[in-house]
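To start, the structure itself, in structure tokens.
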Amino acid sequence: MYGSARVSDDSDRTAFRKAEKKYKLYYDDTSKSSKKKKQPKRVDLSEVLDFKSILKSQVENGDLLPGIIPLQSDLHRPVFCLESRPGFFFIPEALSVEEQCQWIRESLNNFPQPPNRTNHNAFYGHIHDLFIAANENKVLVEEAGVPTSLESNSGPSVSNDDVHRWKFYGEHSVSSGGNPCKSVSAAVLLRKLRWSTLGLQFDWSKRNYDVSLPHNKIPVALCQLAKRMAEPAMLEGEQFQPEAAIVNYFGIGDSLGGHLDDMEADWSKPIVSMSLGCKAIFLLGGKSREDPPLAMFLRSGDIVLMAGEARECFHGVPRIFTDKEHAEITPIELQFSHEDDHCYLEYIRTSRININIRQVF
């Protein structure tokens, strides 16, 4: 009975699901019984659009692949469109290395800070200074029943007004205190951080924006960047108004399934999507999951815009590349090394961050 559910025949899968499966990270079965590090299975990347190579070819000899359209804009940088996907814009190398490092720092230090919500809110409530706590080897402990011996070593408070109260403590204090209460290391929580929301807060349980939830406006610098980058997708005389953003965090083996971003009022306004960290494969499908998707590489510093018809296209991220050969993050590794920011360096070597900014109303 169970074997019949795991047949290799893909005939019952949608075209989008087949593409997700094709590019997903799998490991060689031969490594299961070996003590050696698991090796990823090889995947055929020959059909993946590579806008870095497309840009190089255009600059060197003026050649472009069929269906790729260069766009003239006021950005003073290359912008490409896809003939088969109106409303989709690809801006390769849109961010400098310094800008990439700036937004990686912001994404780890500031964007998960309250009142912004994260995937941890449902259980732990608002967590303050998670990235700092992780790098100081702190442990998050449920306050109920915390021994008084730990109180003097407590860090920033963490609270959930509805259920629990939690606090960070030094690792040594927790291990020597003999406390029986629940605890989890900040490092584990950081690696399990999947999303944070900026500006107007998105309620994932109701799949809508809850304007009643406490929130801060999107940082001015991020607003200015999003407005500038959104220009190729805007009608003449209109300006993009950033009101919300979702920050996605990807680790080894993580993916984002095919979906639509359909909760904003005006789909003519773009989603501005910034890639940071390890290289990924992005799938851009059609208006049905049965439409075969286009696969393309997203590198650190690339920006994608999706407006109009492109907002109706299923899209997802089936794979990030964290191995040194394919991650392609040497420039930001060098930048963080020169700035002695080793905590950010260690995180981003095996991670990808995506910041997508939206106009809600």
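Computed from heavy atoms alone, side chains included, the values below leave out hydrogens, waters and symmetry copies.
Relative to the six-membered ring of F250, R352 meets both conditions, a distance below 6.0 Å and an angle of at most 45° to the axis.
Checked by atom type and distance alone, the side chain of Q359 never pairs as donor or acceptor with a backbone atom of D266 at under 3.5 Å. Although no hydrogens or angles enter the test, the distance criterion places no donor-acceptor pair under 3.5 Å between the side chain of H126 and the main chain of N121. A donor-acceptor pair is defined here as one N or O able to donate and one able to accept, closer than 3.5 Å; no such pair exists between the side chain of H120 and the backbone of I127. Checking side-chain atoms of Q100 against main-chain N and O of L95 turns up a donor-acceptor pair under 3.5 Å. Put simply, the side chain of N356 never gets that close to the backbone of V272: no donor and acceptor are under 3.5 Å apart. Remark: the backbone N or O of A226 is not paired with any side-chain donor or acceptor of Q224 at under 3.5 angstrom. At distances below 3.5 Å, at least one donor-acceptor pair connects side-chain atoms of Q201 with backbone N or O atoms of R117. Between the side chain of R311 and the backbone N or O of D261, at least one donor-acceptor pair lies under 3.5 Å.
Annotation for L200 and A244: closest pair O-CB, 3.5 Å, computed over non-hydrogen atoms. Heavy-atom minimum distance, A245 versus I218: N-CD1, 4.0 Å. In this structure, S196 and Y249 approach most closely via the heavy-atom pair OG-OH, 3.2 Å. Taking all atoms of both residues into account, the shortest heavy-atom contact from F168 to D129 is CE1-O, 4.4 Å. The two residues P112 and S107 have their closest heavy-atom pair at CD-O, 3.2 Å. Here the closest non-hydrogen pair linking G277 and I332 is CA-CD1, 4.0 Å.
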- Take L284 and V304 through the side-chain contact (heavy atoms from CB on, under 4.5 Å) test and state the conclusion after the steps. CA-CA 11 Å; L284 179 63; V304 159; over 6 Å; no

Q.
Does R319 form a side-chain contact (heavy atoms from CB on, under 4.5 Å) with K24? I'd like the steps, not just the answer.
A. CA-CA 5 Å; R319 177 78 173 265; K24 182 179 171 65; over 6 Å; no

*Please assess K269 against E264 for the test side-chain contact (heavy atoms from CB on, under 4.5 Å), listing each intermediate value before the final yes or no.*
CA-CA 9 Å; K269 303 300 188 295; E264 292 74 35; over 6 Å; no

Tell me, with the steps shown, if R358 and I246 meet side-chain contact (heavy atoms from CB on, under 4.5 Å). CA-CA 8 Å; R358 298 116 184 279; I246 298 175; 4.0 Å; yes

Note to self: What verdict does the side-chain hydrogen bond (donor to acceptor under 3.5 Å, both in side chains) test give for N116 and H215, after you've listed the backbone C-alpha separation in whole Å, the side-chain angles of each residue and the deciding distance to 0.1 Å?
What the structure shows: CA-CA 6 Å; N116 297 339; H215 64 275; over 6 Å; no

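To the nearest 0.5 Å, atom OG1 of residue T350 and atom CG of residue D323 are 11.5 Å apart.
Below 30°, between 30° and 60°, or above 60°: for H326 and F321 the angle between ring planes is between 30° and 60°, a tilted geometry. Between F90 and F88, the ring planes are tilted. Angles from 30° to 60° get that label.
For A19, the side chain to side chain contact (heavy atoms under 4.5 Å, CB included) partners two or more places apart in sequence, or in a different chain, are L283, P293. Evaluation of the ring-ring contact (aromatic ring centres under 6.0 Å, His included) rule for H338 yields no partner, not counting sequence neighbours. Contacts of F131 classified as ring-ring contact (aromatic ring centres under 6.0 Å, His included), with partners at least two apart in sequence or in another chain: Y344.
Grouping the Ile, Leu, Val, Met, Phe, Trp and Tyr side chains by contacts below 4.5 angstrom, directly or via other members, places L294 with I68. Note on I329 and Y347: same hydrophobic cluster, where clusters join Ile, Leu, Val, Met, Phe, Trp and Tyr whose side-chain heavy atoms are under 4.5 Å apart, directly or indirectly. In this structure, V48 is not a member of the same hydrophobic cluster as I54, with clusters built from ILVMFWY side-chain heavy atoms closer than 4.5 Å. L198 and L108 fall within the same hydrophobic cluster, defined by Ile, Leu, Val, Met, Phe, Trp and Tyr side-chain heavy atoms under 4.5 Å apart, directly or through other members. Under the 4.5 Å side-chain heavy-atom criterion for Ile, Leu, Val, Met, Phe, Trp and Tyr, L225 and L305 are members of the same hydrophobic cluster.
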Tell me which donor-acceptor pairs under 3.5 Å the side chains of residues 40-47 have, and how far apart each pair is, sequence neighbours excluded?
unit_1	atom_1	unit_2	atom_2	d
D44	OD1	S46	N	2.9
D44	OD1	S46	OG	2.7
D44	OD2	S46	OG	3.3
E47	OE1	K22	NZ	3.3

Show which side-chain atoms of residues 73-81 pair as donor or acceptor with protein atoms under 3.5 Å away, not counting sequence neighbours.
unit_1	atom_1	unit_2	atom_2	d
S73	OG	L75	N	3.2
H76	NE2	D74	O	3.4
R77	NH1	A94	O	2.7

Taking distance alone, no hydrogens or angles, what donor-acceptor pairs closer than 3.5 Å link side-chain atoms of residues 230-240 to residues at least two apart or in another chain?
none

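Residues L64 and P70 form a side-chain contact, since some pair of their non-hydrogen atoms from C-beta on lies under 4.5 Å apart. Counting heavy atoms from C-beta outward, Q102 and E98 have side chains that stay 4.5 Å or more apart. Side-chain contact check for F111 versus W103: some heavy-atom pair is nearer than 4.5 Å.
Applying the side chain to side chain donor-acceptor pair (under 3.5 Å) test to residues at least two apart or on different chains, the pairs with a partner in residues 60-69 are S57-N61. Within the structure, salt bridge (Lys or Arg N to Asp or Glu O under 4.0 Å) contacts touching residues 103-116 (residues at least two apart or in different chains) are R105-E339, R105-D341. Sorted by first and then second residue, the salt bridge (Lys or Arg N to Asp or Glu O under 4.0 Å) pairs with a member in residues 239-251 form an empty list; sequence neighbours excluded. For residues 285-297, the set of pairs meeting the side chain to side chain donor-acceptor pair (under 3.5 Å) definition, not counting sequence neighbours, is empty. Each salt bridge (Lys or Arg N to Asp or Glu O under 4.0 Å) pair with one or both residues in residues 185-212, not counting sequence neighbours, appears once here: R194-D254, R207-D262. The salt bridge (Lys or Arg N to Asp or Glu O under 4.0 Å) analysis of residues 324-336, with sequence neighbours excluded, yields the pairs K52-E328, K279-E328, R299-E328, K324-E333, E333-R349.
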